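These figures come from a predicted structure and were not determined experimentally. By convention in this document, chain letters (A, B, ...) are assigned in the order of the sequence lines, proteins followed by strands, and residues within each chain are numbered from 1.
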2 protein chains.
Amino acid sequence: MTTLVSGIVLAEIAASIGDVSRANILSALMDGRALTASELAWHANVSAQTASGHLAKLVETSLLAVEKQGRHRYYRLASPEVAHAIEALMAVASAGPKRYRPVGPKDTALRNARTCYDHLAGRLGIAVTDALTSRNYVVLSDSAGAVTEAGHRFLCDMGIDLAEPGHKRALCRTCLDWSERRPHLAGRLGAALCTHMFERGWIERIKDTRALKVTALGKNELKEFFGIEEQIDAGLR
Amino acid sequence: MTTLVSGIVLAEIAASIGDVSRANILSALMDGRALTASELAWHANVSAQTASGHLAKLVETSLLAVEKQGRHRYYRLASPEVAHAIEALMAVASAGPKRYRPVGPKDTALRNARTCYDHLAGRLGIAVTDALTSRNYVVLSDSAGAVTEAGHRFLCDMGIDLAEPGHKRALCRTCLDWSERRPHLAGRLGAALCTHMFERGWIERIKDTRALKVTALGKNELKEFFGIEEQIDAGLR
DNA sequence: CCAACACTTCGGTCGCCGCCGAAACGTTCT
DNA sequence: AGAACGTTTCGGCGGCGACCGAAGTGTTGG
């Protein structure tokens, strides 16, 4: 009797994610990039036709957005909210009793360092978050935060400019890290830090996954700027 | 080939939510209370046997926890993370093109004021959040926040004590409000405010739902303490 | 001790959905 | 124009799972 609309649409969205092929597709898109239908079919281990069906459903439930480009179709997450919801689900998943022990090397790499939509996650993401909070550059009241004045100066010195015209997006958000089970930096700040590290060559993608590798330069710079010493090394590939 | 473990478990959790009956069960538990199997069967509009199967699955995927009590079995959300994930999904759902126009009176009531796990949400939740932030009692850097010194004094004057022995839980978190599409106060602070309002009779549950009604006393007090004038009235029942 | 009750398990039906082969559509390249 | 390619549509198959009736387990209460 309490069959509210909300219940139906909640089920629809969740069911849309709740298929292994589609979950893999979404996971592959979690780094915020846009991939073609066939790339996604490969990621999901299914034929092109099957993937096409899944993609259509994901678009219909507004989890994905499409962009036509020549004979390709690029799919990407429809919004940061989608990425947020997926990470939240991952957090629940990893909280449960570890029923899937066989954590492969790929998972190890992901746990080490990865992108989460457009910012850093994993041990690296947490390390950066901790570095900024311990120096009072960012204040996080548990899962939330603000950038202090000192923080703005520090970021400015690093060459990161957070000023943005249409400040549509949040400056400093947090996102629950499913592997570390703690919040890491997201929002415009998180994205800016991540972009910065890519541009300066501190980090690189491992193959074409969300997993990241910290370069030799990156290790030096991370120590220099953030005092991060710990071995954040993929140790894979 | 990128069939990571994470994809499988993500799908498993999402699929667990992705059934209308189970989604309704979870929705009914979103206020943080524990309900019996038959109550939940009623909420989901299915027979007791069917509900039992659903509940077993939800427990297996660690979305729900059970507590035996005599011949009853009380089910509740397994953790705040679960509530968080569901709210995140709701946010995605309400972001998509409004395909389900027929928003009934119950939805209206929910949008007005409701509990979200153990804190306030809907227009009321947002109003309280805004009141606290506009007076600098709480600093929210977009979706995150900390309680200021003035804020602590204010809350203390109100009779809310945030000191807690085992400070296991976060003091001030935020949670994305799916109806208002903005973050509202959660964490220990959010819970304390909600409890306080219940205890003093400012708010009451509408029937046995998550929806809330602001009492006449509540309206006065909300104006007194938070300067909230706007009509936050369920207008139902 | 038996009836009432809350809940779960079992058995069987039915519908939905994920899958692929084949074919159609649209774009690009030569 | 024709071939190659990326993508979608169609059709049919197979299996999972949601559902309920009936029966079983365990608890409460007279």
Selection from [options] that lies nearest to any side-chain heavy atom of [X]:
X	options	value
Gln49(A)	dC20(D), dG21(C), dT7(D)	dG21(C)
Ala48(A)	dG18(C), dT8(D), dC20(D)	dT8(D)
Val46(A)	dC20(C), dG18(C), dT8(C)	dC20(C)
Lys57(B)	dA18(D), dG18(C), dT7(D)	dA18(D)
His72(A)	dC19(D), dT7(D), dG18(C)	dT7(D)
Thr36(A)	dT7(D), dC19(D), dT8(C)	dT7(D)
Arg71(B)	dA4(C), dT7(D), dG18(C)	dA4(C)

Quiz item: Across the strands shown, which category fits Tyr75(A) at heavy-atom distances under 4.0 angstrom: base, sugar-phosphate, nothing?
Solution: sugar-phosphate
Practice problem: For a side-chain contact (heavy atoms from CB on, under 4.5 Å) with His43(B), tell me which candidate from Leu29(B), Leu26(B), Leu35(B), Ile25(B) qualifies. | Solution: Leu35(B)
Quiz item: Less than 4.0 Å between a side-chain N and a carboxylate O, is that true for Lys57(B) and Asp19(B)?
Solution: no
Quiz item: Can you check whether Arg73(B) has a side-chain N or O nearer than 4.0 Å to OP1 or OP2 of dT27(D)?
Solution: no
Quiz item: For dT8(D), does either OP1 or OP2 sit under 4.0 Å from a side-chain N or O belonging to Ser52(A)?
Solution: yes
